[in-house]
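A short write-up of the structure that comes next.
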Amino acid sequence: MENNLVTTAYIAASALFILSLAGLSQPETAKRGNLLGILGMAIAFGATALICQGYPVQIGSIGLGVLVGVLAAARVAMTDMPEMVALLNSFVGLAAVLVGFAEYLQPSAALTGTDITVHRVEIYIGVFIGIVTFTGSMIAVAKLRGWVPSRAVLLPARHVFTLGMLGAIAYLLVPFLTATGNPGMWILAAMTAIAGVFGIVIVMAIGGADMAVVISLLNSYSGLASAAAGFMLNNDLLIITGALVGSSGAILSYIMCKGMNRSFVNVLLGGFGETASSGKAAALEGSATSTTTGEVVELLANAQSVVIVPGYGMAVAQAQHPVAEITRLLRAQGKQVRFGIHPVAGRMPGHMNVLLAEANVPYDIVLEMDEINDDLSHTDVVLVVGANDTVNPSAKNDPNSPIAGMPVMEVWEADTVVVLKRGMASGYAGVENPLFFNDNTLMLFGDAKTNVNGILAQLSTSTAPAPALAAA
């Protein structure tokens, strides 16, 4: 009877996870998708607790996890959300590693014959995926926090080194399958150390412009790690959940790579097959033209079509709410105002969409790059709020640029471009931006939130009160 209840609970939880993913695919249903996922996980926890012993340990560990999770989620800023996601991915990978070692020391079921071999293969693969996820995610966190260079760090003869590590990992599998006791443990530990270095090397080789894809890819790895843990523990729910996360993360990564004109295999293997450009990036010429909030307000007053292109700088300055208020005022005047979102704006997929949704910007005016790029040539004013690499024309015009070939928001096609930025520093990818020197570009230097609030204040005094900005 107990097993039947657990099976039913696992089926229900799996269905809820599938419905959750379906809900998360659209902004309008994302909240419901989250709630369905929470309900599914609660059922999964309850069913698993029912078939396990040691209730005090379970209550203590779950309670501690809930406490840490709630405090972390409550305190993390939206600017730090990519690091939070990468850190959570690393926890999943580490859990798979620990499960693998525990299963080797004390298998959860009595196994004989070929079942032992199959189980050891599961352990080996699970630990490999888990440690690559863990170390790769930790390097992603370090890149996002600025603790290590955000640019691609390429080791000499790295392809030979990478292939050598993969060869050593494959070679160690054979003795691991036949070893018993301590020798097998040492082989597993050796493989773990090599795979850990492998995870570090492949993520270090990925440049800053591709970090959003990396986060998505590591999320896929964490799903595979969960599925591997499910095979080790003979837990169907873990297998299903891991497969859902792994496949959805991989599909998202592939879609993002296609949108950025990047090779999915190259990103997957840390830029395997790519070489540094033999040419030198074009030197920047000219000088930037600075502007004031008053001039920007005048431009907006005379414009009929406005496109706002947000970037990570908007998240850092927490300027999404005054940007939403500016949108409300301009739309109340009958102007067309839309947002253009690059696939890798921010540091993870959907970062800008979440910020704008938080500020109650209507979903129907938030458009993806492919939907709005063709309209930029018919746009009067483009406001670039804290974006840099995603609006860099060298991606299209300079074949020697590190970001050459990456599709970007072609904001320079508009009549006037206003860039809100603290200074002339390069973006996260470490590439200088010639947009700042274009004849139709004006630079509004300073803190984005301060400048946006200044624009909002002047717009508010020159217009009548407008109705609240309602979500579509």
Side-chain angles (χ1 to χ4, degrees), residues 13-34 36-37 40-41 81-82 84-86 88-93 96 125-126 128-130 132-133 136-137 140 199 202-203 206-207 209-231 236-273 341-354 357 363 366-371 390 405-407:
S14 300
L16 287 169
F17 291 151
I18 294 172
L19 293 174
S20 175
L21 281 177
L24 292 172
S25 64
Q26 297 292 332
E28 297 86 351
T29 58
K31 185 175 180 179
R32 183 180 65 196
N34 262 321
L36 290 173
M41 188 57 69
M81 193 58 69
M84 183 71 172
V85 172
L88 293 175
N89 288 338
S90 74
F91 290 165
V92 176
I125 295 175
F128 169 72
I129 297 173
V132 169
T133 303
S137 297
I202 62 172
V203 177
I206 299 174
D210 294 330
M211 280 310 296
V213 182
V214 174
I215 298 300
S216 175
L217 196 57
L218 289 170
N219 187 52
S220 176
Y221 288 172
S222 71
L224 295 177
S226 297
F231 279 108
D236 294 337
L237 183 61
L238 265 179
I239 296 172
I240 295 171
T241 306
L244 288 172
V245 175
S247 58
S248 59
I251 292 170
L252 177 60
S253 301
Y254 177 77
I255 292 172
M256 292 179 69
C257 284
K258 293 290 287 184
M260 294 172 61
N261 196 30
R262 288 288 195 263
S263 167
F264 180 68
V265 175
N266 284 347
V267 176
L268 181 71
L269 298 178
F272 185 84
I341 308 297
H342 192 278
V344 295
R347 297 289 188 270
M348 72 176 185
H351 198 180
M352 294 300 104
N353 303 75
V354 172
Y363 301 131
V366 180
L367 306 178
E368 298 299 324
M369 177 183 66
D370 293 339
E371 297 176 297
T390 57
M406 184 181 87

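All residue numbers refer to positions in the sequence shown, counting from 1.
Around CZ of F17, the count of heavy atoms belonging to other residues, nucleotides or ligands within 6.0 Å exceeds 12.
Note that OG1 of T390 is 9.5 Å distant from CD1 of I341, once rounded to the nearest 0.5 Å. I125 CD1 to L224 CG: the interatomic distance, rounded to the nearest 0.5 Å, is 11.0 Å. Distance CG/N89 to CZ/F91: 10.5 Å, rounded to 0.5 Å. Taken from CE in M84 to CD1 in I215, the straight-line distance is 13.0 Å, to the nearest 0.5 Å. The line from CG of L24 to CG of L19 is 11.0 Å long, rounded to the nearest 0.5 Å. How far CG of N353 is from CD of E368: 5.5 Å, rounded to the nearest 0.5 Å.
Between A86 and S137, the shortest heavy-atom contact is O-CB, 3.2 Å. Taking each heavy atom of H342 and P407 in turn, the nearest pair found is NE2-O, 2.6 Å. Closest non-hydrogen pair, G40 versus A13, comes out as O-CB, 3.5 Å. Looking at every heavy atom in both residues, G130 comes nearest to A225 through CA-CB, 4.2 Å. The shortest heavy-atom contact between H351 and A345 is CB-O, 3.8 Å. Contact detail for A227 and A243: the closest heavy-atom pair is CB-N, 4.1 Å.
Judged by distance alone, the side chain of S226 and the main-chain N or O of S222 form a donor-acceptor pair under 3.5 Å. Between the side chain of T133 and the main chain of S90, no donor-acceptor pair closer than 3.5 Å is present. When atom types are taken as modelled, the side chain of S253 and the backbone of G249 share a donor-acceptor pair closer than 3.5 angstrom.
Under the 4.5 Å side-chain criterion, counting only non-hydrogen atoms from C-beta, V132 is in contact with I202.
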Could you walk me through whether T241 and S14 pass side chain to side chain contact (heavy atoms under 4.5 Å, CB included), step by step?
CA-CA 7 Å; T241 306; S14 300; 5.6 Å; no
